[in-house]
K.L.:
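Just dropping this structure here.
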2 protein chains.
Amino acid sequence: MVNKKKTTIKDIANVLGITPSAVSKALNDHPRISKQTKAAVLQVAENLNYQPNHIATALRKGKSNLVGVIIPRANSNFFSSIIEKIEDILNEKGYNVIITQSNESYKKECQSIEALLFTQVDGIIASMANETVKLDYYNKIKQKGIPLILFDRGENDLNVDYVGIDDYMSSHIVIEHLVEQGCKRIAHIGGFSHTRIYKNRIRGYIDALKKHKLPFNEDLMYECNLRKSDGRDIMKKLLSLPVKPDGVYISGDYAALGALEALKAHNIKVPEDIAIVGFSNEPFSEIVTPGISSIEQHSEEIGRLAAETFLNRIDNPNEPVTLNKMILEPELIIRASSKRK
Amino acid sequence: MVNKKKTTIKDIANVLGITPSAVSKALNDHPRISKQTKAAVLQVAENLNYQPNHIATALRKGKSNLVGVIIPRANSNFFSSIIEKIEDILNEKGYNVIITQSNESYKKECQSIEALLFTQVDGIIASMANETVKLDYYNKIKQKGIPLILFDRGENDLNVDYVGIDDYMSSHIVIEHLVEQGCKRIAHIGGFSHTRIYKNRIRGYIDALKKHKLPFNEDLMYECNLRKSDGRDIMKKLLSLPVKPDGVYISGDYAALGALEALKAHNIKVPEDIAIVGFSNEPFSEIVTPGISSIEQHSEEIGRLAAETFLNRIDNPNEPVTLNKMILEPELIIRASSKRK
DNA sequence: TACTTTTGTTCCAACGTTTGAACAAATATA
DNA sequence: TATATTTGTTCAAACGTTGGAACAAAAGTA
């Protein structure tokens with residue numbers, strides 16, 4: 001049997017011959033309600049299978065207890081484990097999480113923001129699409145006065161909380177490792193430099209080359225969307241150079257996979273001829289042949305920090321919002337794709 | 001400047017010297033409101049940067065325009081592309097999608113259901129965790145009278161709409177292919193048989209063996225969680241048998257990856273010594289060495305059907321809910337892991 | 001002119017919950 | 001006993017929107 005009519009606080013009140021407000025207070029464990037009444041209310045609520053109407057509470061309290069999370073794509077271990085952690089922490093505090101994917105599209109991202117604001121979320125935790133350069137929609141969130149926390153892909157200009165890893169340092173770690181393995185001509189397949197994190201990786205790449213007295217060569221650096229196909233196509237271009245690189249640092253494991261595919265097609269030995277290092281430590285990176293060396297970004301930690309920062313903002317609504325960067329240390333996981341020794 | 005105080009319908013009414021209900025009707029393009037009033041309201045709404053309070057509408061209308069989606073894990077191409085499609089279709093119809101992950105845990109799944117019901121979603125589209133056997137929480141959804149659509153992982157007992165592929169037939173396609181490649185001793189690493197879809201695949205496996213006059217051997221069949229490590233561990237067991245299999249049909253690509261890892265460690269040639277076929281056609285399956293043959297489940301089509309079925313239920317609330325299975329045809333993508341000829 | 005219909009608006013109650021103020025009864029204090 | 005305090009509850013308004021009923025004014029019809 002389907003029970004369409006929902007039990008309300010009023011039904012409980014009628015059964016007990018008390019008022020709805022007494023019931024509400026009993027359910028919320030108000031100190032001025034007697035123990036007996038509370039017990040009785042709980043009992044009747046149980047019997048009638050009472051389910052509180054969250055929407056009414058939200059309207060009354062001006063708080064939806066919903067938090068929006070925007071990610072470029074769910075199909076990534078990095079993002080999905082961040083979300084898992086965010087959900088864990090926020091659910092425990094009574095929040096529900098609405099996840100939306102931008103699919104790396106600025107347009108979809110704007111729609112997501114619209115939709116989340118429309119749903120009256122209490123805050124937004126987001127990682128920006130690679131495509132995004134205009135910050136108008138993000139500013140809209142700020143203007144609403146609800147907390148906005150960025151992670152991984154952020155922009156300093158927004159002057160909000162940010163959680164991410166030290167991208168500049170990541171590049172240094174990667175280049176240092178490749179140099180140790182004997183690489184002398186290191187290429188970089190990066191994300192677009194208009195995105196802060198990729199810009200930092202590129203800066204890090206260039207500075208690290210300098211540090212190790214290796215020449216920087218424009219032909220060895222590409223910017224792309226870091227999809228598997230991008231990695232494959234750019235690798236092909238690198239292979240057609242008169243002097244090929246002997247090491248490639250790729251800003252994403254999907255692109256690194258694509259690059260490996262191209263190398264396989266050209267019968268080039270990895271890591272002997274060309275060493276490869278990726279980024280993000282996707283689960284497959286461990287098991288492809290050869291395993292892909294990659295930067296682990298400590299996604300759970302990022303998720304935890306993002307969620308806690310949100311909760312902190314909610315608890316301290318009057319604290320002025322400024323640029324507040326929480327930067328974690330990257331870790332290089334070395335695998336066969338770059339281990340020559 | 002942060003504008004905390006939100007503009008309401010009342011503010012617009014005050015500016016124009018009309019009543020809030022006139023404003024509401026104007027905004028909703030009510031036929032009895034004059035063109036001039038509508039234009040004026042729209043203008044003032046624009047000026048005051050009016051954003052409708054969705055929660056109030058939800059309370060009044062008894063409809064949240066939120067749809068919950070429960071998936072075992074987002075970190076899977078199959079599920080994330082289903083979600084993408086569901087979002088596409090439902091967003092267009094004014095719905096927002098709340099995605100939650102069960103992480104294959106029954107407990108987490110129950111929590112998700114609780115949370116979604118608490119948020120007053122208008123319906124739930126779900127794929128069950130492997131662990132799940134008790135249907136009490138799903139029955140709770142049914143009792144609430146809101147649409148419940150299952151996809152991929154479902155249970156006939158719930159008697160609701162279901163979208164998925166023909167698992168039984170998938171096994172037949174796989175076995176037929178392996179037999180064609182000359183396999184005579186085909187093992188199966190499957191999901192747990194208490195789950196309908198895995199049970200069907202197992203049934204299909206056994207029946208297909210029979211059909212091709214191959215003996216069914218209990219030692220060659222395992223049930224597991226289909227994680228990478230499960231694939232690896234079970235493959236090791238298969239390799240320790242006195243007579244090894246010459247083909248393995250694995251119900252998930254992650255497990256298939258693990259199996260390949262074990263085979264690699266034992267220097268066994270794929271597909272010559274042992275041919276491998278996986279399931280789900282994950283993106284990495286295409287590029288590992290060797291590429292993994294896999295069953296493509298047409299995830300977008302599943303997402304589309306699930307979303308449309310939900311909309312259909314919403315539009316026809318009085319139509320009685322019964323078992324309504326929409327079954328799609330599977331497609332085998334043949335790659336190096338099983339292509340001997 | 002008298003009556004009906006149409007048009008454009010206001011009125012009011014409702015959705016389910018919360019919360020401060022008010023109030024009566026019970027208990028404590030002098 | 002009179003007064004102050006505490007306890008347990010009710011009252012009433014509010015959150016922002018919606019939509020049917022009511023109603024006056026304008027327009028149409030006989």
Side-chain angles (χ1 to χ4, degrees), chain A residues 3-42 44-45 48-66 94 117-122 144, chain B residues 3-42 44-45 48-66 94 117-122 144-146:
Chain A
N3 182 17
K4 289 256 179 184
K5 204 85 219 95
K6 287 166 207 149
T7 307
T8 72
I9 229 169
K10 224 170 157 180
D11 300 322
I12 301 178
N14 286 339
V15 170
L16 292 169
I18 56 176
T19 62
S21 71
V23 174
S24 169
K25 288 183 171 116
L27 290 171
N28 290 299
D29 205 22
H30 189 107
R32 293 277 276 273
I33 296 291
S34 69
K35 281 208 185 307
Q36 301 94 286
T37 307
K38 282 178 186 169
V41 166
L42 249 37
V44 175
L48 298 183
N49 187 30
Y50 168 72
Q51 304 283 134
N53 185 328
H54 182 249
I55 292 177
T57 311
L59 177 59
R60 176 61 227 240
K61 292 202 170 176
K63 203 161 171 306
S64 66
N65 272 42
L66 250 30
L117 293 180
F118 181 70
T119 316
Q120 320 273 128
V121 292
D122 291 340
K144 277 253 171 181
Chain B
N3 182 15
K4 288 256 178 183
K5 204 83 219 101
K6 286 168 206 148
T7 307
T8 73
I9 231 170
K10 225 171 155 180
D11 299 322
I12 301 178
N14 285 339
V15 170
L16 292 168
I18 57 177
T19 63
S21 72
V23 174
S24 168
K25 290 184 169 105
L27 290 171
N28 291 301
D29 205 22
H30 188 107
R32 294 278 274 274
I33 296 292
S34 69
K35 281 211 187 306
Q36 301 95 285
T37 307
K38 281 178 187 169
V41 165
L42 248 37
V44 175
L48 299 184
N49 188 29
Y50 169 71
Q51 304 283 133
N53 185 328
H54 182 247
I55 292 178
T57 312
L59 176 61
R60 175 63 225 243
K61 293 201 171 176
K63 203 164 172 305
S64 66
N65 272 44
L66 251 29
L117 293 179
F118 180 71
T119 316
Q120 320 273 127
V121 292
D122 291 341
K144 276 252 171 184
I146 63 172

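Residue numbers begin at 1 in each chain, while the letters A, B, ... track the order of the sequences.
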K.L.:
I need the NZ-C1' distance between A/Lys6 and C/dA14, as an integer number of Å.
P.N.:
15 Å
K.L.:
Does B/Ala56 have any side-chain contact (heavy atoms from CB on, under 4.5 Å) partners at least two apart in sequence or in another chain, and if so, which?
P.N.:
A/Leu59, B/Asn53
K.L.:
Can you tell me how far the OG1 atom of A/Thr57 sits from the CG atom of A/Asn65, to the nearest 0.5 Å?
P.N.:
9.0 Å
K.L.:
Which residues pass the side chain to side chain donor-acceptor pair (under 3.5 Å) test with A/Thr119, sequence neighbours left out?
P.N.:
B/Asn96
K.L.:
Rounded to the nearest angstrom, tell me the gap between atom CD in B/Gln120 and atom C1' in C/dG16.
P.N.:
10 Å
K.L.:
Give me the stems containing DNA chain C, sorted by first residue, counting only three or more consecutive Watson-Crick or G-U pairs with both distances under 3.5 Å; say none if there aren't any.
P.N.:
C:1-30 with D:1-30
K.L.:
Polar-atom pairs under 3.5 Å, protein N or O versus N or O of nucleotides 25-27 of chain D: list them with distances, or write none.
P.N.:
none

K.L.:
Quick one: which of D/dT9, D/dT17, C/dT17 gets closest to the side chain of A/Pro52?
P.N.:
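Of the candidates, C/dT17 comes closest.
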K.L.:
Roughly how many Å is it from CG in A/Leu59 to P in C/dA14, rounded to a whole number?
P.N.:
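Rounded to whole Å, this separation is 17 Å.
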K.L.:
Strictly below 4.0 Å, heavy-atom distances to any atom of DNA chain C: list the hits from residues 21-33 of chain A, or just say none.
P.N.:
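Heavy-atom cutoff 4.0 Å gives A/Ser21, A/Ser24, A/Lys25, A/Asn28.
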K.L.:
Rounded to the nearest 0.5 Å, what's the gap from NE2 on A/His54 to NZ on A/Lys61? Could you check?
P.N.:
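Answer for the NE2-NZ pair, A/His54 versus A/Lys61, is 9.0 Å.
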K.L.:
For D/dT9, take OP1 and OP2 only and decide whether either is under 4.0 Å from a side-chain N or O of A/Thr37.
P.N.:
yes
K.L.:
How many Å lie between CG on A/Asn53 and P on C/dA14, as a whole number?
P.N.:
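These atoms are roughly 17 Å apart.
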K.L.:
Pairs in or reaching into residues 31-40 of chain A: which pass salt bridge (charged side-chain N to carboxylate O under 4.0 Å, His left out), with residues at least two apart or in two chains?
P.N.:
A/Asp29-A/Lys38
K.L.:
My understanding is that only residues two or more places apart in sequence, or in another chain, count here; which of them pass side chain to side chain donor-acceptor pair (under 3.5 Å) with B/Thr37?
P.N.:
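Result, side chain to side chain donor-acceptor pair (under 3.5 Å) vs B/Thr37: B/Ser34.
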K.L.:
I need the CD1-P distance between A/Ile9 and C/dG16, as an integer number of Å.
P.N.:
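Distance check: A/Ile9 CD1 to C/dG16 P gives 11 Å.
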K.L.:
Check B/Ile33, B/Ile9, B/Asn28 against B/Val23 for a side chain to side chain contact (heavy atoms under 4.5 Å, CB included) and give me the one that passes.
P.N.:
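That would be B/Ile9.
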K.L.:
Rounded to whole angstroms, how far apart are CG on A/Asn65 and P on C/dT17?
P.N.:
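Whole-Å distance recorded here is 15 Å.
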K.L.:
For B/Ala58, check side-chain contact (heavy atoms from CB on, under 4.5 Å) against everything at least two apart and list the hits.
P.N.:
A/Ile55
K.L.:
How do B/Gln36 and B/Ala56 order along DNA chain C: which one's closest nucleotide is nearer the 5' end?
P.N.:
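Whichever sits nearer the 5' end wins; that is B/Gln36.
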K.L.:
In this structure, how many angstroms lie between the P atom of C/dC15 and the NE2 atom of B/His54, rounded?
P.N.:
19 Å
K.L.:
Run the side chain to side chain donor-acceptor pair (under 3.5 Å) test against A/Ser21 and tell me which residues pass, sequence neighbours left out.
P.N.:
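Scan of A/Ser21 (side chain to side chain donor-acceptor pair (under 3.5 Å), adjacent residues dropped) gives A/Thr19.
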K.L.:
Tell me whether the side-chain N/O atoms of B/Thr19 come closer than 4.0 Å to OP1 or OP2 in C/dT10.
P.N.:
yes
K.L.:
Applying side-chain contact (heavy atoms from CB on, under 4.5 Å), name anything that partners A/Val15, two or more places apart in sequence or on another chain.
P.N.:
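side-chain contact (heavy atoms from CB on, under 4.5 Å) check on A/Val15 returns A/Val44, A/Leu48.
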K.L.:
Identify, with sequence neighbours excluded, every residue that meets salt bridge (charged side-chain N to carboxylate O under 4.0 Å, His left out) alongside B/Lys63.
P.N.:
B/Asp122
K.L.:
Identify, with sequence neighbours excluded, every residue that meets salt bridge (charged side-chain N to carboxylate O under 4.0 Å, His left out) alongside B/Lys25.
P.N.:
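Per chain and number, B/Lys25 pairs via salt bridge (charged side-chain N to carboxylate O under 4.0 Å, His left out) with no residue.
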K.L.:
Specify the residue among B/Gly17 and A/Tyr50 whose closest nucleotide of DNA chain C lies further upstream toward the 5′ end.
P.N.:
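The residue whose closest nucleotide sits nearer the 5' end is B/Gly17.
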K.L.:
Which part of the nucleic acid does A/Ile55 contact within heavy-atom distance under 4.0 Å: base, sugar-phosphate only, or nothing?
P.N.:
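Nothing, no heavy atom under 4.0 Å.
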K.L.:
Rounded off to whole Å, could you give me the NZ-to-C1' distance for the B/Lys63 and C/dG16 pair?
P.N.:
18 Å
